[in-house]
Amino acid sequence: MPKWAMVIDLDKCTGCGDCIAACKLENNIAIVSPEEANDGRVMFWMDMITIYEGEYPNIRVKRFPKPCFHCDNPPCTKVCPVNATYKNEEGLIGQIYHRCIGCRYCMVACPYTAKVFNWLEPEWPDEFKNCFNPDVSLRMMGVVEKCSFCAHRLLKVKEDADSDEREILDNEYLPACSESCPANAIDFGDLENKESRVYNLSRSSRAYREMEDLGTEPKVIYLQKRE
Amino acid sequence: MNSMQNKIIAMAQLVSFLAMWIFVIGIIIWIINLISISVELQDAPGVSLGISLVAIPVFITLACILTYAYFGFKKNTSNLKNHSED
Amino acid sequence: MEIKRREFLKLLGGVSGAVAIGTYGCNQVIDVPERLIELAKKGLGIETWKNTICGQCPAGCGIKVRLVDDIPVYIKGNPLYPVNQGGMCPSGHSALEVLFNPDRIKEPLKRIGIPGSNKWEPLSWEEALQKIADFLIKQRRNNKSHQVAFLDGSEQNSLMSEHIAQFMKAYGSPNYYQYPSVKNDSVPYLLLQGTQQIPSYDFLNTKYVLSFGSNFLEEGYSPIYYTKLYTHLKELTEKKRTRFVQIDSRMSLTAINADRWIPIRPGTYGALALGVAYILIREELYDNEFVSKHTFGFEDWVDNEGYTHLGFKSNVIGNYYPEQVSKITGVPGETILEIARELGNNKPSLVLGDQGSADNTNGTYSQMAIHSLNALLGNFGKEGGLYFTDQPPLAELPRVQEDELAVKGNSQPPIGCTYNTSFKIMDFSINSFTKNILSDNPYPVSVLFLYKGNPLFNALNHHDLAEALKKIPLVISFDSFLTETSEYADIILPDHTFLEKWDEYSNIPSVGFNHVGIQQPVIEPLFDTRNSANILIELGDKIGGTVSGSLPFENFEKEIKFRVEKIYRSGEGAIISEGLKGDWLEYLQQRGWQVGRYNSFDEFWKLITKHGGWWNPIKKEKGIKNIFKTSSGKFEFYSQLLKEWTDELVLMKGNDSHQNRELVLSELNINARGDQVYLPHYEAVPVDEHMPLYLTTYKLLTNRNGQSSNQPMMQEMFGYTSHQSWNTWAEIHPATAKDYGISNEDYIWVESSTGSIKLKAIVNPVVMPNVVAIPFGLGHTSFGRYAKGHGVNPNSVMKNLYDSLNGNPALQATKITISLAT
Amino acid sequence: MPKKIQYENELDAPLFRPIYETGKGFYITVGILMLIILWALIMYITQIWFGLGVTGMNQTITWGFYIINFVFFIGISHAGTLISAILRLSRAEWRRPITRMAEVITAIVLAIGGLHPILDLGRPDRVLNIFTSGRLQSPLLWDVTSITAYFTASTVYLYLPMIPDIAKLRDKGGKLTWFYSFLSWGWQGTEHQKKVLNRAISILMIMVIPIAISVHTVISYIFSMTLQPGWHSTIFGPYFVVGAIFSGIAVLLILMIVSRKVFHLEDYLKKIHFQYLSTLLLIMALLWFYFTFSEFLTGIFGSEPHEMEIIHYKFTGPYALFFWGMLLLNFIIPVIILSIKRFKTITGILIASIAVVIGMWLERLNIVVPSLANPRMELPIGIYIPSLVEWSLFLGGIAVFILGFVLFSKFFPLISIWEIEEGREEGIKEVEERVHSYLPGKETGSK
């Protein structure tokens, strides 16, 4: 069984924010009204965290993209009362929109605040309905959603691989963010596969994961900035 | 108080009594169903069992107490009736 | 479950799986938009990819558009295109929201209300074009062809600009301008080395980069190209890193990623550069050989009349010693010492200057000072230095045929220049353009064409500009949206969005190699719009004669083909293709200058449109001689060109007298006198001293020139760095905030001598004290439902100041005061 | 009204009066409450229609009023059953006039509290999913089970001891005879029935105590099972239970005082009852403070950054006012009032109880919101301002509670008549014997 993981090299990441846009476009993420946005109900599956360290003028700004970490030991799936968020056999944390009852317990339980909630019925002008990505189902009002590592792409890649009887190649299955990152900072692949870039990078001395002390075993691995 | 009314009331009592049982049994079935799900999904089984071990007996005892009271009272009223007849 | 899913896949054919993940997805068919269900019923959803060039900003990235049943649904970077190599910026991703924007203009419009009233009625194309053509013909017949002006806001190095130039020249008007104008930006290079071209920097081989406010990762000509370089560099130099030092009053994206950030008082970059020069010279860290061989005016020198002239060296040594400089710039003396030594001891080391240092009244001089550091380091024609790309072997457009009307028109002075209409250095200044129109000097403007851009939103003199637009009898706008500017047009000829049109992009400024990108339609035009280029051709035909003769093409596509054919013949370079993936530079080096042979032009054309472009990374070997096109054939610290042209201006005042020279210099806002005028030096910025704080603006990748404001996605992630959506904010240093009793997220008034705006304050230490930094882009009063009324436009409180040498707006020259809004 | 029902000659006439005499006051109260409830209903419908967006919650602070009130109401429910059970077990004679009211509160409030999570759902239409595909490992389901259990238990526990009184009402005749006879399960007050009843009750009261405790422990688990700083604490179980009993007693006291005034029960609810109960309240106040103190002490002493962030936020952040208010209302005021003899009057006790109720609500707020407002990730700190809808639903909840209580008092005696009688007949003798049995000396043959 492959174990899909993401490696984000903060030494390369410039914080341009392209991953956010790519993600929003690929996954038909609703765009809330300005008023809603003002109330802090913006929906980003991929978010950008900024931390300021040091004293002026020697400030170091740590800026890193934050998708869902698809923990190996996810706190969110444990608390879902209806099994609407769950960990599948490949270690991806899935959301079942049509089953979610919207109790938002998983959001509360997630230490990384990786999940977002549809507070109102997501709406688009008809014109924009033309350019939905047909591979990704739309969410309805009152359900929780989050980064899926673009699992719909995995489905396709799998089908291709099956059709010409072969294993999925390294870098064949890439989420939208990693695919279009201008800094090549986001690598994605199979941790089980010893040849994969991700596997090797994850063993680098710079590798760390957010809040490892919580024991959630995130599958998003960051590589520290070189100094 | 005519006997007709008495009959209806007695019926109603019986029905509500049965309803109570159905409710309890329903809950028990539900909990068992939940346990099966949790086993199927390999959830923390200890938790599930713990909960169910607490919940199921509680409901059963409650039901039993009610039954006990129900019949306890009934029995008695019936002999009362016999008295009134003669 | 599985079966159901299969069925579902059948339903959607090629586009598998609205199934999110897990085995429950089948139920989610209901969540698929109606349109797709219908499509699926029609048959398989066919997925195709088309390559084209992104038109969201001038950076000219190659993009790959994913189409399902011929409807674009996703955009990603074209991995083959050398400029961005698959990279993208946020606004590129929201391009579909341009294409499908509900506020697009769907047919030609005629204004019925007063200008700016935004009352329109539809108009047929024929009617509109005939109307315009008649007017143009009339103008021409009355020898007023020069009164037709064309303002091109596309900022793009595309064939379109040449196309327009061709049309205007043939029609007989000198008044074709780009605004903002790359030509203006290149003035410093013109003055110092006689070539009007933006240099490219050889990052990959340099050891040390000192950037004077050049925000190349965010605001540069091609941010994604530089991001690619930047990270490529980090891969290459795992061991010995190239050190980036960013000098900027605000911690821009580039500064964040640099190894060191040095805050500096706005408008004093030039002084710092010369301070660095001081130490380079004093400590003999400069490239003596290059300076002595290839530069002019370093040492004091004597001219033919025997006058001794001040040299760069003695000027610097005399005026820019560290204490002095640090007093001006606020940068500590030891810091100057440090960077100067690092710069001198880590050759090859590069010096960049742009945005921060350029957008000011003294921009040109600052740029000259900064660029002369490159001369001191001898960064010309050597590895790790800066270089100038060759021109791609595209076919020139056929020579313009000018009839006598055209000749007469073209001989007229252009109205787009500063204080005196024959000041050659500058290409265009919106300020003088406006003034000249308002004062009919030297002649009135009767027709104005507007192509893209939104000067009324960008310019600092929007009030006057609005008046000017009102004054012009016929304003025609080629635009896909109703912007602040096009609201003033009399007729709007809706243009395609860039996903629906043909165009050709070559050599984006500062991109380090020769390349051509083909922009092509990925979808049939959604509405009754037309490619402005074709409209010009059509107008030409209607006018007839030499005008149509100068644009002998059926349509724009043919024109592009004509241009590209020459590449095919030249056999240079290569069509970008799979082979060039990966480490492209090395690859081509060993493979020689040509890759792939093509049997016919048709094949070549098919391939280039399929892959999206052509490029040639191999630089022609150039001797230093042909880099410098100055009269001395050298790098001129002492710009003889500037001297020559100022002298001309003086003569135009009458005789070459002291007071005339004074007059000219003061009109050019130059405080320096004597030889200093022609040397790189520090010009103090005229600021309101009673205002305590500096206002600086910057542009974000999410909305570079306010052109993305009508795209909800970009509005939402406008301030993704500080989690601000749909609104503008002001960054303030904690110390400053404390002085004014402002805490984070408070609303404040930003007040300048010209006005005041209310916006949210974000208190954090990424901006230097006494500087307020506001992102530019929002605050539209028009431009559709998503842009209108969100955020504020910092330019509206900016003083109308310009760099009078190159005519660029001074975006950092306004001083302000702030107060807590209650 | 066919014939005037005779009760005036009864010994416990005051207990019958509210049932057989309906004043204008009753209709007005009911009317007002109905209006409030209607309003709340409308608000809830708008919420269903437009979605949870009509509340003040946001992406970081995803839980608000509904969860707070949920915990709060369930907490109050601990008044009744637990207290009456304990008193019954300890055979405290002064319990007799109190138990019934306590049990009523429990039943009603539980019903309300239990519904609150449904108000909080984004998709209430899918609530049945927890039956089809529920997951027992989710603390939310533990709640569902334990609350249902507690609810059924306490209703039964309320109902059974009521049967003799219902029978009394039945025998009085009147329009509702059929209703009462249906509920009275043919109670005749025979020895055998008495035996049965007493046995049933004694089993129940033993059973109810652990259930009650478990319920609130489980509710605390909702929070403590997550990794959120400020929640992830083992102390939460007992902490919540204590808080619950605390607020419960307060509410009980308030209702006792009110109904004493309204229904003129001065003769039954004597000062002594309030003395005893308020002493219990005082003890609880101290207990609560002890828990709060140790909760924060461990946090501050360990000073784990995220913990500290939240503690600091509680002390000084935008909700600081509520935090200090909570301390004042929950600890300082009640302790001062209840420990100084002079203040310990009925009014004093009333004030103290009201303070405690508000204070406990603030405590729930201080538990739920600050932890959510400070996510571990460095996101901008959110602020939560409840919307009109949330306030209305809160008000509605309270209205439903009062209405329930009023209606109950309309149909059933608020004080267990037969238990009072029992007290008169056997109580005294029995106590005497008991006291004897405590004293040294040979066993007097107590049955």
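Computed from heavy atoms alone, side chains included, the values below leave out hydrogens, waters and symmetry copies. Chain naming here is simple, since letters A, B, ... match the order of the sequence lines and numbering starts at 1 in each.
Between C/N257 and A/K225, some side-chain heavy-atom pair lies under the 4.5 Å cut-off. In this structure, the side chains of A/F128 and C/P102 come closer than 4.5 Å at one or more pairs of heavy atoms. Side chains of C/Q85 and A/N184 form no contact here, defined as non-hydrogen atoms less than 4.5 Å apart. Side chains of A/I31 and C/Q715 form no contact here, defined as non-hydrogen atoms less than 4.5 Å apart. Under the 4.5 Å side-chain criterion, counting only non-hydrogen atoms from C-beta, A/Y56 is not in contact with C/P734. Looking at heavy atoms from C-beta onward, C/E235 lies in side-chain contact with A/K12 at the 4.5 angstrom threshold. A heavy-atom distance below 4.5 Å is not found between the side chains of A/N38 and C/W726. With contacts defined as side-chain heavy-atom distances shorter than 4.5 Å, the pair C/M88/A/L25 does not qualify.
Contacts of C/P769 with chain A are made by both backbone and side-chain atoms, with heavy-atom separations under 4.5 Å. Both the backbone and the side chain of C/P712 come within contact range of chain A, each with at least one heavy atom under 4.5 Å from a heavy atom of that chain. Of the two parts of A/T50, only the side chain, counted from C-beta on, holds a non-hydrogen atom closer than 4.5 Å to a non-hydrogen atom of chain C. C/N84 does not touch chain A: none of its heavy atoms, backbone or side chain, sits under 4.5 Å away. In this structure, chain A has a heavy atom under 4.5 Å from the side chain of C/M251, while its backbone stays farther away. Heavy-atom distances place no part of C/A95 under 4.5 Å from chain A, backbone and side chain included. Using a 4.5 Å cut-off between heavy atoms, A/D47 touches chain C through its side chain atoms alone. Neither the backbone nor the side chain of A/C19 comes within contact range of chain C; no heavy atoms are under 4.5 Å apart. At a 4.5 Å heavy-atom cutoff, the contact between C/D259 and chain A is made by backbone atoms alone. With a 4.5 Å cut-off on non-hydrogen atoms, C/T721 touches chain A through its backbone and its side chain both. Heavy-atom distances place both the backbone and the side chain of A/C16 under 4.5 Å from chain C. Within the 4.5 angstrom heavy-atom criterion, no atom of A/A185 approaches chain C.
Top candidate by heavy-atom pairs under 4.5 Å with chain A, chosen from C/I224, C/L217, C/N727, C/L253, is C/L253. When the candidates A/I59, A/I29, A/T14 are compared by the number of heavy-atom contacts under 4.5 Å with chain C, A/T14 comes out ahead. The greatest number of non-hydrogen atom pairs below 4.5 Å with chain A, out of C/M768, C/E218, C/Q724, C/M714, is found for C/M768. Contact count against chain A (heavy-atom pairs under 4.5 Å) is highest for C/H723 among C/R785, C/R260, C/H723, C/H790. Considering only heavy-atom pairs separated by less than 4.5 Å from chain A, the leading option among C/L99, C/I256, C/T254 is C/I256.
Other residues, nucleotides and ligands contribute at most 12 non-hydrogen atoms within 6.0 Å of the NZ atom of C/K788. Within 6.0 Å of CZ in C/R243 there are more than 12 heavy atoms belonging to other residues, nucleotides or ligands. Crowding of A/E55 atom CD: a count of heavy atoms from other residues, nucleotides or ligands under 6.0 Å not exceeding 12.
Rounding to the nearest 0.5 Å places CD of C/E47 at 4.0 Å from NZ of A/K156. Atom CG of A/N27 is separated from atom OH of C/Y74 by 9.0 Å, given to the nearest 0.5 angstrom.
Just one residue in the list C/L96, C/I75, C/V68 forms a side-chain contact (heavy atoms from CB on, under 4.5 Å) with A/C131, and that residue is C/L96.
Classification of A/E26 and C/K76 as a salt-bridged pair fails, no side-chain N sitting under 4.0 Å from a carboxylate O. No salt bridge links A/K24 with C/E97; every basic N to acidic carboxylate O contact stays at or beyond 4.0 Å.
The backbone N or O of A/V32 lies less than 3.5 Å from a partner atom in the side chain of C/E716, making a donor-acceptor pair. Using modelled atom types, no side-chain atom of C/Y720 and backbone atom of A/D18 make a donor-acceptor pair closer than 3.5 Å.
In terms of heavy atoms, A/P182 sits closest to C/K228 at O-CE, 3.1 Å. Residues C/A258 and A/R60 approach most closely at O-NH1, 3.6 Å, considering heavy atoms. Taking both residues in full, the closest heavy atoms of C/M717 and A/G17 are given as CE-O, 3.3 Å, listed atom of the first, atom of the second, then distance.
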